[in-house]
Amino acid sequence: MHELSICQALMTQVESVAAQHQATKVISITVQIGVLSGVVPDLLAQAFTIARAGTVAEQAELITETLPIKVRCRQCGAETEASANRLLCGVCGDWQTQLISGEELLLASVELEGV
């Protein structure tokens with residue numbers, strides 16, 4: 001389960017943010033997950049409960065947001081959403097597209113509590 005190592009890296013980032021802002025507690029962490037990232041949100045949530053133990057985020061809530069797949073058409077230039085098994089242009093239907101989002105795993109926000 002690679003979600004645990006992802007959560008451990010996430011906690012390193014979160015603890016750094018909390019230290020920068022002299023926070024005593026992390027209230028919530030919002031993560032954006034692209035459909036094609038290979039990360040399963042439910043497994044990430046399970047791993048999060050392990051990774052947060054003993055950290056400033058021990059009681060924090062993990063909020064996950066799913067990001068859609070977006071492609072740019074090389075024929076008509078349109079940027080549209082696509083499905084995982086059909087990366088076609090939503091305007092002209094051409095198959096010559098470039099993936100512009102959907103593989104991300106981003107730390108979007110951290111809600112902190114001060115002293």
Tell me which donor-acceptor pairs under 3.5 Å the side chains of residues 27-39 have, and how far apart each pair is, sequence neighbours excluded?
from: Ser28; atom 1: OG; to: Glu111; atom 2: OE1; distance (Å): 3.1
from: Thr30; atom 1: OG1; to: Ser109; atom 2: OG; distance (Å): 3.2
from: Gln32; atom 1: NE2; to: Glu65; atom 2: OE1; distance (Å): 3.2
from: Ser37; atom 1: OG; to: Gly34; atom 2: O; distance (Å): 2.9
from: Ser37; atom 1: OG; to: Val39; atom 2: N; distance (Å): 3.2

Leu44 vs Cys7, test: side chain to side chain contact (heavy atoms under 4.5 Å, CB included). Steps then yes/no. CA-CA 7 Å; Leu44 189 71; Cys7 279; 3.5 Å; yes

Between atom [atom1] of [X] and atom [atom2] of [Y], what is the distance when rounded to the nearest 0.5 Å?
{"X": "Thr97", "Y": "Lys70", "atom1": "OG1", "atom2": "NZ", "result": "14.5 Å"}
{"X": "Gln59", "Y": "Lys25", "atom1": "CD", "atom2": "NZ", "result": "6.5 Å"}
{"X": "Glu3", "Y": "Asp42", "atom1": "CD", "atom2": "CG", "result": "10.0 Å"}
{"X": "His2", "Y": "Leu43", "atom1": "NE2", "atom2": "CG", "result": "8.5 Å"}
{"X": "Leu106", "Y": "Leu10", "atom1": "CG", "atom2": "CG", "result": "11.0 Å"}

With distance as the sole test, does Gln8 use its side chain to make a donor-acceptor pair with the main-chain N or O of Ile6 at under 3.5 Å?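 No.
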
Taking all non-hydrogen atoms of both residues into account, name the closest pair between [X] and [Y] and its distance.
{"X": "Val14", "Y": "Ala57", "value": "CG1-CB, 4.4 Å"}
{"X": "Ser83", "Y": "Ile69", "value": "C-CD1, 3.8 Å"}
{"X": "Leu88", "Y": "Ala82", "value": "O-CB, 4.1 Å"}
{"X": "Met11", "Y": "Thr55", "value": "CE-OG1, 3.4 Å"}
{"X": "Ile100", "Y": "Glu104", "value": "O-OE2, 4.2 Å"}
{"X": "Glu61", "Y": "Phe48", "value": "C-CE2, 4.3 Å"}

List for me each residue that meets salt bridge (Lys or Arg N to Asp or Glu O under 4.0 Å) alongside Arg72, sequence neighbours excluded, and say none if there are none.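 So Arg72 forms a salt bridge (Lys or Arg N to Asp or Glu O under 4.0 Å) with Glu79.
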
Can you hop from Val56 to Leu107 via hydrophobic side chains spaced under 4.5 Å?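 Same cluster: Val56 reaches Leu107 through Ile, Leu, Val, Met, Phe, Trp or Tyr contacts under 4.5 Å.
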
Answer yes or no: is there a side-chain heavy-atom contact under 4.5 Å between Val71 and Thr80?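 Contact flag for Val71/Thr80 side chains = yes.
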
